[in-house]
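What follows is a single structure, written as C-alpha cells, with notes after it.
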Amino acid sequence: MDAINVGVVGFRWGCWKCGESVRCVVGPYRYGDNQIPVGDRALLIAREILDKAGKGDITEHLVPSRYADGTRGDLASHCASCGAVQGNFYVHQEALNALIDSAGDIQILDLLADGTCDAGMWSKLVADEWLEAIFF
C-alpha cells in the first residue's frame, strides 16, 4: 500500500444559530497541492485522520446531518453548543474565499492534523470529484 502525506484543514467561525465559536472541518489536502477535495468521502478521510491524531474533540462534532424527515445527510461540522449543522456549502465557500483572498496560501486555514492516505484512494477521490465537476 503506497501512502501519501495529507493534512486536514479547517477554521473557526461563529455559529449561524447561536453565535458561539465553531471548529469547522474543510477537508484533507495533499501536501504540495492546494486542492482540497470536498464531499462525504473526503470528510470521511479527514475524520479518520483526525481520529488517528487523537482529535476526538473535533470529530465528535463532525457527524452526519439529518434532514427534517430523519434521513441521513452528509458528514458536516456541527456546533458544540447548540448542535446546529454548519452546512458544507457555506464552510467550503468560506474556505475558498479565504484561499482566494490569500492568493492560494493554504496556511490561511488551520492545520487540524497530519496523517496519511492510501494513494489509490486519494487518486480515486480526486478523479471522481473532477468528473462530477465536469458532468454534473
Side-chain angles (χ1 to χ4, degrees):
M1 169 176 94
D2 290 335
I4 59 168
N5 294 323
V6 296
V8 177
V9 292
F11 61 88
R12 286 194 172 274
W13 72 359
C15 174
W16 64 268
K17 187 173 183 183
C18 73
E20 291 294 319
S21 179
V22 179
R23 169 79 66 195
C24 294
V25 177
V26 177
Y29 80 99
R30 182 179 183 170
Y31 286 107
D33 179 9
N34 283 355
Q35 181 177 8
I36 305 171
V38 297
D40 211 39
R41 286 189 302 148
L43 286 175
L44 283 169
I45 291 170
R47 184 181 171 93
E48 181 179 320
I49 292 167
L50 289 164
D51 279 336
K52 286 180 181 176
K55 304 288 184 157
D57 59 320
I58 298 173
T59 59
E60 73 177 301
H61 303 292
L62 181 61
V63 296
S65 55
R66 294 280 173 198
Y67 294 109
D69 66 1
T71 57
R72 181 195 184 281
D74 287 342
L75 279 180
S77 296
H78 289 69
C79 178
S81 297
C82 71
V85 64
Q86 297 305 295
N88 288 333
F89 173 82
Y90 301 104
V91 167
H92 294 126
Q93 191 65 42
E94 184 73 15
L96 178 62
N97 288 340
L99 288 168
I100 290 170
D101 290 346
S102 69
D105 183 4
I106 195 77
Q107 294 180 359
I108 196 77
L109 301 173
D110 300 331
L111 177 63
L112 305 178
D114 289 307
T116 59
C117 178
D118 175 74
M121 181 186 303
W122 184 265
S123 294
K124 181 166 178 28
L125 178 67
V126 172
D128 287 351
E129 188 167 292
W130 182 80
L131 288 172
E132 282 182 21
I134 291 176
F135 296 111
F136 295 103

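Heads up: numbering here begins at 1 and tracks the sequence.
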Taking side chain as C-beta onward, heavy atoms only, is [X] less than 4.5 Å from [Y]?
X	Y	result
Val6	Ile49	yes
Leu50	Lys52	no
Val38	Asn88	no
Pro28	Cys117	no
Ile45	Met121	yes

How far apart are the closest heavy atoms of [X] and [Y], and which atoms are they?
X	Y	result
Ser77	Leu62	N-CD1, 3.8 Å
Trp13	Gln86	NE1-OE1, 3.1 Å
Val25	Ala46	CG1-CB, 4.2 Å
Pro37	Val126	CG-CG2, 4.2 Å
Leu125	Arg41	CD1-CB, 3.9 Å
Ser65	His78	CA-NE2, 3.9 Å

Would you find a donor on one side and an acceptor on the other, under 3.5 Å apart, between the side chain of Trp122 and the backbone of Tyr29? no
Under 3.5 Å donor-acceptor, Ser102 side chain and Ala98 backbone: yes
Could you measure the distance from the [atom1] atom of [X] to the [atom2] atom of [Y]? Nearest 0.5 Å is fine.
X	Y	atom1	atom2	value
Cys79	Glu20	SG	CD	6.5 Å
Leu109	Arg12	CG	CZ	14.0 Å
Asp51	Ile58	CG	CD1	10.0 Å
Asp118	Thr116	CG	OG1	9.0 Å
Asp105	Ile100	CG	CD1	14.0 Å

Decide side chain to side chain contact (heavy atoms under 4.5 Å, CB included) for Ile36 and Ile106; before the verdict, give the C-alpha distance in whole Å, the side-chain angles of both, and the deciding distance to 0.1 Å. CA-CA 10 Å; Ile36 305 171; Ile106 195 77; 3.6 Å; yes
Starting from the C-alpha separation in whole Å, work towards a yes-or-no answer on side chain to side chain contact (heavy atoms under 4.5 Å, CB included) for Arg47 and Val63. CA-CA 9 Å; Arg47 184 181 171 93; Val63 296; 4.3 Å; yes
Kindly check if the number of other-residue, nucleotide or ligand heavy atoms within 6.0 Å of CD (Glu60) is above 12? yes
Hydrophobic cluster identity match, Leu75 and Trp16, side-chain contacts under 4.5 Å: no
Can you hop from Val85 to Val91 via hydrophobic side chains spaced under 4.5 Å? no
Please step through side chain to side chain contact (heavy atoms under 4.5 Å, CB included) for the pair Ser81 and Cys15, ending with a clear verdict. CA-CA 9 Å; Ser81 297; Cys15 174; over 6 Å; no
Side chain to side chain contact (heavy atoms under 4.5 Å, CB included), that's the test. Do Ile108 and Phe11 meet it? Break it down for me. CA-CA 9 Å; Ile108 196 77; Phe11 61 88; over 6 Å; no
Under a 4.0 Å N-O cut-off, is there an ion pair linking Arg23 with Asp110? yes
